[in-house]
K.L.:
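One structure, as structure tokens, below. Some questions next.
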Amino acid sequence: MSKIQSLRGMSDLLPDQSPSWQFLEAKVQSLLQSYGYREIRFPLLESTDLFKRSIGEVTDIVEKEMYTWLDRNGESITLRPEGTAGCVRAGEQNGLLRNQVRRLWYSGAMFRYERPQKGRLRQFHQFGAEVFGLEGPDIDAEILVMIARLWRDLGIHDHINLQVNTLGTAAARAEYRQALVDYLLARKADLDEDSQRRLDSNPLRILDSKSSQTQSLLDQAPCLHDFIDSESRQHFDAVCARLDSAGVVYEINPRLVRGLDYYGKTVFEWVTDSLGAQGTVCAGGRYDGLVEQLGGKPTPAVGFGMGEERLVLLLDAVGAVPDSVGRQLDAYLVAVGDVGHIAFEYSETIRSQCPQLRMQNHCGGGSFKSQMKKADRSNAEIALIVGEDEAATGNISVKYLREKKEQQLLPVADVVKLLNQL
RNA sequence: GUGGCUGUAGCUCAGUCGGUAGAGCACAGGAUUGUGAUUCCUGAGGUCGCGGGUUCAAUCCCCGUCAGCCACCCCA
């Protein structure tokens with residue numbers, strides 16, 4: 001009988017890795033909240049149509065990467081491949097978006113049926129934030145400045161670069177798309193295979209093809225910026241001006257297009273070269289048409305997603321997580337001899353009076369030596385020792401495991417005092 | 001979906017030109033009775049990913065399959 005193992009691309013997050021995740025999550029949450037974002041939670045499962053209508057029918061995500069199946073009632077349902085669609089649906093359905101400004105954030109698992117790779121899993125995790133009801137460039141800039149602050153808080157700002165671009169209005173993009181297709185169609189034979197395929201599926205994606213031959217072909221191609229409408233142009237200039245004054249360094253990349261259909265105007269991508277091929281660590285943009293497209297009133301919106309796995313990978317690669325985050329215990333309680341019940345009493349007294357204390361009671365017996373060994377391996381700062389002598393006199397021996405300090409024999413009440421000063 | 005590399009102890013890996021396997025770390029016990037990290041001794045732990053084929057004999061060769069890693073595609 002073979003053992004059951006996890007599904008492909010579904011990984012377990014083990015205790016040794018959780019400090020990095022906790023560090024990341026704590027920083028992100030407190031930063032978002034400090035900018036006035038409020039948490040929203042919505043289901044992992046949604047109607048398949050939600051994603052088809054928002055992400056775009058002909059995108060790779062919808063065509064081949066969604067976990068989709070028929071529910072028992074015959075309805076087609078899908079595990080969310082990204083967060084924006086569900087967030088918009090939840091906001092709209094609950095009346096959050098009616099003529100109001102909303103700053104929302106969320107985090108959680110997303111699912112895409114892809115071949116696993118470094119920084120890419122089938123079940124992966126994202127933080128996302130979406131702002132509704134603001135159409136000006138100020139919020140676009142605020143988001144970018146906020147994210148830049150996050151990188152500083154996390155200690156990874158030296159390893160991430162910002163790329164920005166504007167896609168203009170849907171009309172401008174359609175016009176450009178046609179011009180690009182016309183240009184490339186005439187040179188189809190010189191395009192790489194993938195780009196030839198994209199000519200009719202998603203021509204804009206050809207712009208960030210990795211083929212050098214295709215790239216050199218694009219040098220002479222019509223440029224998106226020449227097609228951008230003046231309003232989008234001004235909007236983008238204003239965003240850039242704010243970034244300049246905030247001291248946020250960025251690169252304007254006219255070939256940056258996002259894969260999801262709903263983006264327009266400002267788009268951006270934060271990229272690192274420390275993670276191999278999956279270097280995009282955070283990406284997003286403006287999607288003023290989506291709420292209406294999903295049945296709501298016209299509502300301007302901007303948002304972004306951040307890949308948690310990728311950020312953790314980067315944090316670890318750079319050594320940005322402080323050691324203190326990993327420490328799980330302050331004290332380890334050793335009980336030697338026939339004193340189990342007394343040690344247990346002591347420990348409960350201590351816990352009641354030291355609510356912050358992280359203490360592990362030794363269970364399972366064993367020699368003094370082996371218990372001390374476990375105390376050491378536990379990474380605790382100190383060992384609290386209860387033996388026959390201590391139990392008989394109401395004392396506890398306090399031994400420092402990480403620093404050179406004399407062992408102390410103290411009454412339980414004094415131990416409480418000492419622990420509260422840690 | 002495509003390609004390359006890999007799958008042996010809890011972890012990292014070695015190995016057998018085909019005769020059912022070892023190291024380091026980790027774990028458990030001990031080096032005279034209540035003191036951890038160093039050192040020394042001892043021990044436990046593996047149907048060598050799974051299925052099939054060739055063979056007297058396969059963990060090693062062949063085929064298939066599953067999984068992992070990396071890259072393409074795509075994306076966070």
K.L.:
Nearest heavy-atom pair of A/E388 and A/G337: which atoms, and what distance?
P.N.:
OE2-CA, 3.5 Å
K.L.:
Say we look at B/rU2 and B/rC62: how far apart would their C1' atoms be, to the nearest angstrom?
P.N.:
24 Å
K.L.:
Would you check, one step at a time, whether the test side chain to side chain contact (heavy atoms under 4.5 Å, CB included) holds for A/I252 with A/F236?
P.N.:
CA-CA 10 Å; A/I252 296 176; A/F236 186 59; 4.1 Å; yes
K.L.:
Closest to the A/E114 side chain: B/rU35, B/rC72, B/rC74?
P.N.:
B/rC74
K.L.:
Quiz question: going by heavy-atom distance under 3.5 Å, is there a donor-acceptor pair between the base of B/rU35 and the side chain of A/Q371?
P.N.:
no
K.L.:
What integer number of Å spans the P atoms of B/rC66 and B/rU54?
P.N.:
23 Å
K.L.:
Any side-chain heavy atom of A/V416 sitting closer than 4.5 Å to one from A/N420?
P.N.:
yes
K.L.:
Do we get A/R122 above A/Y113's six-membered ring, with its NZ or CZ under 6.0 Å from the centre and within 45° of the axis?
P.N.:
yes
K.L.:
Could one point to a donor on the side chain of A/R205 or the base of B/rC75 with an acceptor on the other under 3.5 Å away?
P.N.:
no
K.L.:
Among the nucleotides B/rC72, B/rA76, B/rG36, which one has an atom lying closest to any side-chain atom of A/D194?
P.N.:
B/rC72
K.L.:
What integer number of Å spans the C1' atoms of B/rG3 and B/rA44?
P.N.:
43 Å
K.L.:
Using a 4.0 Å heavy-atom cut-off across all strands, classify A/R112 as base, sugar-phosphate, or nothing.
P.N.:
base
K.L.:
Stem ranges for RNA chain B, with three or more consecutive Watson-Crick or G-U pairs under 3.5 Å?
P.N.:
B:1-7 with B:66-72, B:10-13 with B:22-25, B:27-31 with B:39-43, B:49-53 with B:61-65
K.L.:
For residues A/L409 and A/S397, report the shortest heavy-atom separation together with the two atoms involved.
P.N.:
CD1-OG, 3.5 Å
K.L.:
Heavy atoms under 4.0 Å, any strand shown: does A/A283 hit a base, just sugar-phosphate, or nothing?
P.N.:
sugar-phosphate
K.L.:
Select base, sugar-phosphate, or nothing to describe what A/V336 touches, counting heavy atoms under 4.0 Å on all strands.
P.N.:
nothing
K.L.:
N/O contacts under 3.5 Å, protein versus nucleotides 10-13 of chain B?
P.N.:
none

K.L.:
Take a 6.0 Å sphere around CD of A/E403 and say whether it holds more than 12 heavy atoms from other residues, nucleotides or ligands.
P.N.:
yes
K.L.:
Using a 4.0 Å heavy-atom cut-off, does A/E82 contact any base of the nucleic acid, only the sugar-phosphate backbone, or nothing at all?
P.N.:
nothing
K.L.:
Say we look at B/rU33 and B/rU16: how far apart would their P atoms be, to the nearest angstrom?
P.N.:
47 Å
K.L.:
Could you label the plane-to-plane angle of the A/W105 and A/F127 rings as parallel, tilted or perpendicular, counting under 30° as parallel and over 60° as perpendicular?
P.N.:
tilted
K.L.:
Using the C1' atoms only, state how far B/rG52 lies from B/rU12, rounded to an integer number of Å.
P.N.:
31 Å
K.L.:
Applying a 4.0 Å non-hydrogen cut-off, can you work out what A/K399 is touching in the nucleic acid: base, sugar-phosphate, or nothing?
P.N.:
base
K.L.:
Nearest heavy atom decides the nucleotide; on that basis, is A/H125 or A/Y400 closer to the 5' end of RNA chain B?
P.N.:
A/Y400
K.L.:
Return the value, rounded to whole Å, for the distance between atom CZ of A/F268 and atom P of B/rC75.
P.N.:
16 Å
K.L.:
With salt bridge (charged side-chain N to carboxylate O under 4.0 Å, His left out) as the criterion, how do A/D49 and A/K52 come out once you've worked through the C-alpha distance, each side chain's angles and the decisive distance to 0.1 Å?
P.N.:
CA-CA 5 Å; A/D49 281 344; A/K52 285 192 175 170; 5.1 Å; no
K.L.:
Can you figure out which of B/rC75, B/rA71, B/rG68 approaches the side chain of A/A277 most closely?
P.N.:
B/rA71
K.L.:
List the steps, then state whether salt bridge (charged side-chain N to carboxylate O under 4.0 Å, His left out) holds for A/D330 with A/R402.
P.N.:
CA-CA 11 Å; A/D330 302 309; A/R402 313 290 156 209; over 6 Å; no
K.L.:
Please figure out whether A/E65 or A/D376 has its closest RNA chain B nucleotide nearer the 5' end.
P.N.:
A/D376
K.L.:
Using atom C1' in both nucleotides, what's the gap between B/rU59 and B/rG15 to the nearest angstrom?
P.N.:
10 Å
K.L.:
Within less than 4.0 Å of OP1 or OP2 of B/rA71, is there a side-chain N or O belonging to A/Q117?
P.N.:
yes
K.L.:
If you count every heavy atom of other residues, nucleotides or ligands that lies below 6.0 Å from A/Y35 atom OH, does the total exceed 12?
P.N.:
yes
K.L.:
To the nearest Å, how far apart are A/R122 CZ and B/rG68 C1'?
P.N.:
13 Å
K.L.:
When the C1' atoms of B/rG7 and B/rC48 are compared, how many Å lie between them, rounded to an integer?
P.N.:
10 Å
K.L.:
In terms of side-chain heavy atoms, does A/Y183 have a donor or acceptor partner in A/Q220 at a distance below 3.5 Å?
P.N.:
no
K.L.:
Measure the distance from OH on A/Y262 to P on B/rC75 and round it to the nearest whole Å.
P.N.:
11 Å
K.L.:
Any residue in residues 383-391 of chain A with a heavy atom nearer than 4.0 angstrom to RNA chain B? Just list them by number, or reply none.
P.N.:
A/I385, A/G387, A/E388, A/D389, A/E390
K.L.:
So, OP1 or OP2 of B/rA71: does either fall under 4.0 Å of a side-chain N or O from A/R115?
P.N.:
no
K.L.:
Starting at CG of A/L275 and ending at C1' of B/rC69, how long is that distance when rounded to a whole Å?
P.N.:
15 Å
K.L.:
Using the salt bridge (charged side-chain N to carboxylate O under 4.0 Å, His left out) criterion, which residues pair with A/R152? Sequence neighbours excluded.
P.N.:
none
K.L.:
Could you check how far CG of A/L260 sits from C1' of B/rC75, rounded to whole Å?
P.N.:
8 Å
K.L.:
Taking atom types as modelled, find out whether A/Q371 and A/Y332 have a side-chain donor-acceptor pair closer than 3.5 angstrom.
P.N.:
no
K.L.:
Looking at residues at least two apart in the chain, or sitting in another chain, which of them share a salt bridge (charged side-chain N to carboxylate O under 4.0 Å, His left out) with A/R351?
P.N.:
A/E348
K.L.:
Rounded to the Å, how far apart are A/D60 CG and B/rC72 P?
P.N.:
15 Å
K.L.:
Indicate, with a heavy-atom threshold strictly under 4.0 Å, whether A/G119 touches base, sugar-phosphate, or nothing.
P.N.:
base
K.L.:
Starting at CD of A/Q407 and ending at P of B/rG36, how long is that distance when rounded to a whole Å?
P.N.:
11 Å
K.L.:
List, with names and distances, any nitrogen or oxygen atoms from the protein found under 3.5 Å away from nitrogen or oxygen atoms belonging to nucleotides 25-32 of chain B.
P.N.:
from: B/rC27; atom 1: OP1; to: A/R377; atom 2: NH1; distance (Å): 2.6
from: B/rC27; atom 1: OP2; to: A/R377; atom 2: NH1; distance (Å): 2.5
from: B/rA28; atom 1: OP1; to: A/K374; atom 2: NZ; distance (Å): 3.4

K.L.:
With the side chain of A/T280 defined as its heavy atoms from C-beta on, choose the nearest nucleotide among B/rG34, B/rA76, B/rC74.
P.N.:
B/rA76
K.L.:
Is the closest side-chain donor-acceptor distance between A/Q178 and A/D182 under 3.5 Å?
P.N.:
yes
K.L.:
Which is true for A/G9 with a 4.0 Å heavy-atom rule: it touches a base, it touches only sugar-phosphate, or it touches nothing?
P.N.:
sugar-phosphate
K.L.:
Angle between ring planes, A/F132 versus A/Y287, binned at 30° and 60°: parallel, tilted or perpendicular?
P.N.:
perpendicular
K.L.:
Using the P atom as the point on both nucleotides, what is the distance between B/rC13 and B/rA21, in whole Å?
P.N.:
23 Å
K.L.:
Any salt bridge linking A/D219 with A/R255? Criterion: basic side-chain nitrogen under 4.0 Å from a carboxylate oxygen.
P.N.:
yes
K.L.:
Figure out the CG/C1' separation between A/L409 and B/rG34, and round it to whole Å.
P.N.:
12 Å
